[in-house]
There are 2 protein chains.
Amino acid sequence: MAKKRVTLADVAKLAGLSTTAASMILTGRPDTRLSAEAHAKVHEAASQLGYRPNVAARALRTDKSRSIAFISDYVATTRFASGLIRGALAAAEEARHVMLVLETGGEPAREIQAVQAALDRQVDGLIFAAMRAREVFVPDIVINAPVVMLNGTSARFPLSVLPDEYQGGRDAVRLLLEAGISGDIVLLGHNAEDEAGLFRSEMINRRLAGIKDAMREAGLAFIAELSCWNWEPDQGFDLTRKLLATKRPRAILCLNDRLAFGAHQALSEAGLSIPEDVALVSFDNDEIASYLRPGLTTIALPHEEMGRAAVELLLRPGATSGATLAMPIIERGSIRSPAGLI
Amino acid sequence: MAKKRVTLADVAKLAGLSTTAASMILTGRPDTRLSAEAHAKVHEAASQLGYRPNVAARALRTDKSRSIAFISDYVATTRFASGLIRGALAAAEEARHVMLVLETGGEPAREIQAVQAALDRQVDGLIFAAMRAREVFVPDIVINAPVVMLNGTSARFPLSVLPDEYQGGRDAVRLLLEAGISGDIVLLGHNAEDEAGLFRSEMINRRLAGIKDAMREAGLAFIAELSCWNWEPDQGFDLTRKLLATKRPRAILCLNDRLAFGAHQALSEAGLSIPEDVALVSFDNDEIASYLRPGLTTIALPHEEMGRAAVELLLRPGATSGATLAMPIIERGSIRSPAGLI
DNA sequence: TTCCCCTGCTAAAACCATTTAGCAGTTGCA
DNA sequence: TGCAACTGCTAAATGGTTTTAGCAGGGGAA
């Protein structure tokens, strides 16, 4: 019952020409010598029959499947993750490619499976996205297709798309300074001594480097540096409450929005107002950043742009160097509340 | 330079047998009469060469590509979305399938594109996921592959996976009653009169029906029903603040967690404590629900289970009826704070 | 006239797997 | 002995496209 797919041969027959001619015309070859009349007839026949090329057959012949693989350790968890996917998806769509999404949980066995599955389907390229990546991630298989690392790096694959964390770190400090804050600043989320020898991630190290450099250049030092491994709201809450027992900061620089969220709660409970008593700045532009009152001023991860850049890089023929994307500054009301800010 | 792919012919040659034999052995045909020795030789040769079947070639012959399409209106936005994808991904992986993810933004043109792209790649089935779906969604193309609707329904495709919103609605009310609350309850997010003639979504209607039925059976009526179209925190905040100017509720039943988040802020600002003064219950188990203090007691959408169920349904040969999944009750501290609850 | 090039097109091979049809040799049974 | 059935295997067709090699016919130059 189900009608057979219409094939190139059907089109050719209807047009009264060979499949060779039909193929050449429909793929838009430039140097062909087929007549204008032939072109017209083939196009007419194709649209009349609703012809769509069979991608599997084409892939078999050309080794191009117009599809790419997006392999990541985690896909859910943060808004960051879906932003990356979303941007990549949009860019893939524009390039008329389709995207296979694969999740590995960071487990080597699943990583291998994922890469194999993608390669079996002759993808035109692979993106390795690191969502939580503490360290570099290396699936050790022969891959003869372009590879782009997204939000991570790899010794084997030089092309990567990264946020400019160093500059982002500097910007966070600069925002505080520009608001006239000149001391009594606390760093929430990291303490060099406590975490000596621990490796969190290359990205975070750069963020910290930017922060430290900017502070030093301004002749400032944090009055406290609070360490915790999981950057979740409850940690931010506990650390801030403990902090307030002994110190009265003028600003808290939080290493992500979730910590800032917890800090916000602790400050509110202590009857301190934001930003008048204590200013807050953080990173990521997580969903919750906009929910707070006042909204959190934050250095955003350019999720969608990164995903998009990865695909564009992957599909650009002779790409040789990766991309570093600026982290946009999202000003809300947690540093100062001038007119015009939410 | 790049080594040629290993083909079945290579394996057959090394094993000293025909490709027919190699194919039959590697695909594990049951009724074949090939010798144990032949089996051993072929498997040996395959693993020695690292043979991997070319999926495109296989798809061309068998019309099965071991891949499915996940087409949704939005992919980022909510945690809900990525939960669905994640569950679907896990189930697909277990079934050794690969998943194409496509986003349409709810635009008909992109919907058609997406379905075509998937069909061109001979997917073994399609999932249409509705993230925000206000109404039913129908891409009007001939699709001769199984289809499952996820979090939505369609007249054309009877198989769908849905949360049991009606029971969820009943549960929300029941939780309040069990906590000894017997009146002064406010419904936040909907007002039958204000929204007469508006169609939000079938799912939400069922949620409301469950709530209304449970209230009626308990002989109760809401002391206020507050309508707003966008269920975002700022709306919840504004409506609750306005409410508090004239009324003093004992509980607020919020139609989603974001509204509850806003209500929480307004209650805190008014100096009311949760749950002692005002109890809060809501829906979705959004990420923010666990961040609040106390945590939000909420009726969860079973994201991952739904995604998983959709794939399993899609891949089950003669599936004839869809699935309705229970909405788990996540008890935190916003209705009552007994020992043991967060 | 012969040779060469150009035009407009096509036959057939190639890509890599699955599957149908069938072959040669042995055994089982009457 | 004759015939059927079985065993263990293979040749060739098939799926839909791209691409290489080349064909027939006409025109221009030498």
Side-chain angles (χ1 to χ4, degrees), chain A residues 2-43 45-46 49-67 119-122 124 144, chain B residues 2-43 45-46 49-67 116 119-124 144:
Chain A
K3 280 171 206 142
K4 294 282 293 173
R5 245 189 112 86
V6 356
T7 77
L8 187 63
D10 299 332
V11 174
K13 188 187 292 179
L14 180 58
L17 290 164
S18 69
T19 62
T20 308
S23 171
M24 285 173 154
I25 288 169
L26 290 177
T27 51
R29 275 247 206 135
D31 55 347
T32 191
R33 298 185 305 250
L34 295 159
S35 66
E37 190 196 6
H39 278 258
K41 279 195 295 188
V42 167
H43 279 122
L49 296 174
Y51 170 71
R52 305 227 93 219
N54 180 324
V55 177
R58 181 178 285 177
L60 188 57
R61 189 69 235 265
T62 62
D63 245 335
K64 302 240 154 299
S65 58
R66 296 199 83 76
S67 61
L119 257 27
D120 288 351
R121 281 154 185 92
Q122 290 168 284
D124 298 341
N144 47 1
Chain B
K3 279 171 204 141
K4 293 281 296 171
R5 248 189 111 87
V6 173
T7 77
L8 188 62
D10 299 332
V11 173
K13 188 188 292 181
L14 179 59
L17 290 164
S18 68
T19 62
T20 308
S23 171
M24 284 172 154
I25 288 169
L26 290 177
T27 51
R29 276 244 206 140
D31 55 349
T32 191
R33 299 186 305 251
L34 295 160
S35 67
E37 192 196 4
H39 278 257
K41 279 193 296 187
V42 167
H43 279 122
L49 296 175
Y51 171 70
R52 305 229 93 219
N54 180 323
V55 177
R58 182 179 283 176
L60 188 57
R61 189 73 235 266
T62 62
D63 247 338
K64 301 241 155 299
S65 58
R66 297 200 83 77
S67 62
Q116 294 282 24
L119 257 26
D120 288 351
R121 279 148 187 97
Q122 287 168 289
V123 294
D124 297 343
N144 47 1

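Each chain gets a letter, A, B and so on, in the order its sequence line appears, and its residues count up from 1. Both backbone and side-chain heavy atoms feed into the values below; hydrogens, waters and symmetry mates do not.
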Item checked: side-chain hydrogen bond (donor to acceptor under 3.5 Å, both in side chains) contacts touching residues 19-28 of chain B (sequence neighbours left out) -> none
Integer-rounded Å distance: [N] [atom2] and [X] [atom1]:
| X | N | atom1 | atom2 | answer |
| --- | --- | --- | --- | --- |
| A:Gln122 | D:dG16 | CD | C1' | 14 Å |
| B:Ile25 | C:dT18 | CD1 | P | 12 Å |
| A:Leu26 | D:dT17 | CG | P | 10 Å |

Notebook entry, point to check: For A:Ala59, which contact category applies under a 4.0 Å heavy-atom criterion: base, sugar-phosphate, or nothing?
Noted result: nothing
Check: Mapping A:Leu34 and B:Val6 to their closest nucleotides on DNA chain C, which lands nearer the 5' end?
Finding: A:Leu34
Only counting residues at least two apart or in another chain, list the ones meeting side chain to side chain contact (heavy atoms under 4.5 Å, CB included) with [X].
| X | value |
| --- | --- |
| B:Ile25 | B:Leu34, B:Ala38, B:His39, B:Val42, B:His43 |
| A:Arg52 | A:Arg5, B:Gln116, B:Asp120 |
| A:Lys64 | A:Thr62, A:Asp124 |

Item checked: B:Tyr51 side chain near C:dA17 phosphate (N/O to OP1/OP2, under 4.0 Å) -> yes
Check: With the sugar-phosphate defined as primed atoms, P, OP1 and OP2, and the base as all remaining atoms, what B/S/- string results for nucleotides 19-26 of chain C, 5' to 3', for protein heavy atoms under 4.0 Å?
Finding: BB------
Note to self: Need the bend value for the helix from C:dT1-D:dA30 to C:dA30-D:dT1: angle between end axes, 5 pairs each end, nearest 10°.
What the structure shows: 60°
Next item on the list: Could you list by number each residue of residues 8-18 of chain A showing a heavy-atom separation from DNA chain C of less than 4.0 Å, or answer none if no residue does?
Entry: A:Leu17, A:Ser18
